[in-house]
Protein chains: 2
Amino acid sequence: MNKLSQSYGFLLGKVLQQMEGKFADTLSPFNIDARQYGVLLFVQDKPYSSQKIIADRLQIDRTTMVTHVDHLETLGFVERTKNPNDRRSYSLMITDKGNSVLDSCWEFLTDTESEVLSPLNEQEKQLLKDMLIKVWSSL
Amino acid sequence: MNKLSQSYGFLLGKVLQQMEGKFADTLSPFNIDARQYGVLLFVQDKPYSSQKIIADRLQIDRTTMVTHVDHLETLGFVERTKNPNDRRSYSLMITDKGNSVLDSCWEFLTDTESEVLSPLNEQEKQLLKDMLIKVWSSL
DNA sequence: CAAAATAATCAGTTAAACTGATTATATAAT
DNA sequence: ATTATATAATCAGTTTAACTGATTATTTTG
């Protein structure tokens, strides 16, 4: 076994590359990518969030967030309303259409994850998730 | 805990994003990125490989591989020589300079990985590596 | 009230990977 | 042996995603 295929960066990247390709199969019919799906999930979970909040939590560039939200708004998946307590920012809300897209895709996306991680048993998958959450929480 | 921060795709992506940012600090003084470092590691491990072989093994697009190798060759880190058994392909060889770049960076890169994964203990890190290798091997 | 900070946006740039076509060489089929 | 097919590498041009730096509107601080 060589250095490259022992390195975390390489391994994480290749596993992710595989997943993202398959995610795209599910999401492209809805004209969004995995990051936009993530933003939509965030807005569903934390309604009234501002773009700044989402950008910070998801570590997405502020200007990139603008284009993501523009896109989701154009598709009618989220709505921007001015936050009355701070009119510089928007309160984002997911729409019924947005909710239905999340629902339509969720099972396919988790199936994709399971498919890619199929060499692992249930216990290992849970362990992997726990470890990744532990690491992500510390960032 | 919400759906997003429970999803493997999201978690893998964010952990990787963190690592790649730090890898860049180590590698940019040498004017290469993590993928080019990976190609260089591959060539060190499997000398005489063709671009096609590397592209297949590392799942990198063939034309992207051309630019990676162009770049590494320009920097004097690899050499292209025509394979006498199949003059369509090159045999790539790492140079002394290439070896020395690999050596100079390796410790910093593995330290970066450890730093990002620092919430995990040694046993967990090994377990994570084993699981990622298991998944990657199946792809 | 004036100055500094913040949220969102915009125009323009950079960077990475991809598409499709081309050249040189090798392999397979008749 | 000759023709047709396949392969490795390359090139020009496109696409895509994210980033930089400046601007506007609004809020907070001094």
Side-chain angles (χ1 to χ4, degrees), chain A residues 9-10 13-14 16-18 20-21 23-25 27-28 31-39 42-43 46 48-74 78-93, chain B residues 9-10 13-14 16-18 20-21 23-25 27-28 30-39 42-43 46 48-75 78-93:
Chain A
F10 174 76
K14 288 304 153 183
L16 184 63
Q17 180 180 359
Q18 199 67 17
E20 293 217 312
F23 287 161
D25 296 337
L27 296 174
S28 64
N31 198 21
I32 58 172
D33 65 23
R35 282 142 233 267
Q36 289 155 358
Y37 188 90
V39 171
F42 190 102
V43 174
K46 297 261 188 300
Y48 310 113
S49 296
S50 68
Q51 296 179 191
K52 174 75 163 76
I53 289 288
I54 306 171
D56 287 349
R57 300 290 160 76
L58 303 188
Q59 293 177 210
I60 294 174
D61 176 80
R62 81 210 136 81
T63 64
T64 302
M65 185 58 62
V66 172
T67 60
H68 284 334
V69 176
D70 280 352
H71 188 71
L72 292 170
E73 193 183 36
T74 299
V78 298
E79 276 175 15
R80 282 171 162 123
T81 59
K82 280 286 181 194
N83 176 353
N85 300 318
D86 183 347
R87 296 185 46 73
R88 289 170 304 182
S89 66
Y90 290 116
S91 285
L92 299 186
M93 283 290 293
Chain B
F10 175 76
K14 289 303 154 183
L16 184 63
Q17 180 180 0
Q18 198 67 17
E20 293 218 310
F23 287 160
D25 296 338
L27 296 174
S28 65
F30 296 94
N31 198 22
I32 58 172
D33 65 22
R35 282 143 233 267
Q36 288 155 359
Y37 188 90
V39 170
F42 189 101
V43 174
K46 296 262 188 301
Y48 311 113
S49 295
S50 68
Q51 298 179 189
K52 174 73 163 76
I53 288 288
I54 306 171
D56 287 349
R57 300 289 161 79
L58 303 189
Q59 294 176 210
I60 294 174
D61 175 81
R62 79 211 136 83
T63 64
T64 301
M65 185 58 61
V66 172
T67 61
H68 286 334
V69 176
D70 280 353
H71 187 70
L72 292 170
E73 192 182 35
T74 300
L75 292 170
V78 298
E79 276 174 16
R80 281 173 164 122
T81 59
K82 281 286 180 193
N83 176 354
N85 300 318
D86 182 347
R87 296 185 45 73
R88 289 171 303 183
S89 65
Y90 290 116
S91 285
L92 299 185
M93 283 291 293

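Predicted model, so just to flag it, every value in this text is computed and none were measured. So that the names make sense, note that chain A is the first sequence line, chain B the second, and so on, each numbered from 1.
No donor-acceptor pair closer than 3.5 Å links the side chain of B/K82 to the backbone N or O of B/Y90. In this structure, A/S28 contributes its side chain and A/N31 its backbone to no donor-acceptor pair below 3.5 Å.
A/N83 has its CG atom 14 Å from the C1' atom of D/dA25, to the nearest Å. A straight line from CZ of A/R87 to P of D/dT24 spans 18 Å, rounded to a whole angstrom. Regarding B/Q17, its CD atom lies at a distance of 9 Å from the P atom of D/dA18, rounded to whole Å. When rounded to the nearest whole Å, the span between NZ of A/K14 and P of C/dA17 equals 9 Å. A/D70 places its CG atom 15 Å from the C1' atom of D/dA18, with the value rounded to the nearest Å. Rounded to an integer number of Å, the gap from CD1 of B/I60 to C1' of C/dC18 is 14 Å. A straight line from CG of B/D61 to C1' of D/dT10 spans 12 Å, rounded to a whole angstrom. Whole-Å rounding puts the B/M65 CE to D/dA8 P distance at 13 Å.
Comparing B/T64 and A/V69 along DNA chain C, the residue whose closest nucleotide (by nearest heavy atom) sits nearer the 5' end is A/V69. Each of A/D33 and B/D86 has a nearest nucleotide on DNA chain D; the 5'-most of these lies closest to B/D86. Nearest-nucleotide mapping onto DNA chain D: of A/T63 and A/P84, the residue sitting toward the 5' end is A/T63.
Among the heavy atoms of the strands lying under 4.0 Å from B/R35 are primed sugar atoms or P, OP1, OP2 only; no base atom is included. Within 4.0 Å (heavy atoms only), B/S50 reaches sugar-phosphate atoms of the nucleic acid but no base atom. Counting any heavy atom pair closer than 4.0 Å across all strands shown, B/H68 reaches sugar-phosphate atoms only and no base atom.
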Just do the side chain to side chain contact (heavy atoms under 4.5 Å, CB included) check on B/V69 and B/M65 with the steps written out, would you? CA-CA 6 Å; B/V69 176; B/M65 185 58 61; 4.0 Å; yes

How far apart are the C-alpha atoms of A/L58 and A/F42, what are their side-chain angles, what is the distance that settles it, and do they pass the side chain to side chain contact (heavy atoms under 4.5 Å, CB included) test? CA-CA 9 Å; A/L58 303 188; A/F42 190 102; 3.8 Å; yes

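At a cut-off of 3.5 angstrom, the base of C/dT9 holds at least one donor-acceptor pair with the side chain of A/R62. At a cut-off of 3.5 angstrom, the base of D/dT7 holds at least one donor-acceptor pair with the side chain of B/R88.
A/R80 has a side-chain polar atom (N or O) that falls below the 4.0 Å cut-off from OP1 or OP2 of C/dT9.
A salt bridge links B/R88 with B/D86: the closest approach of a Lys/Arg side-chain nitrogen to an acidic carboxylate oxygen falls below 4.0 angstrom.
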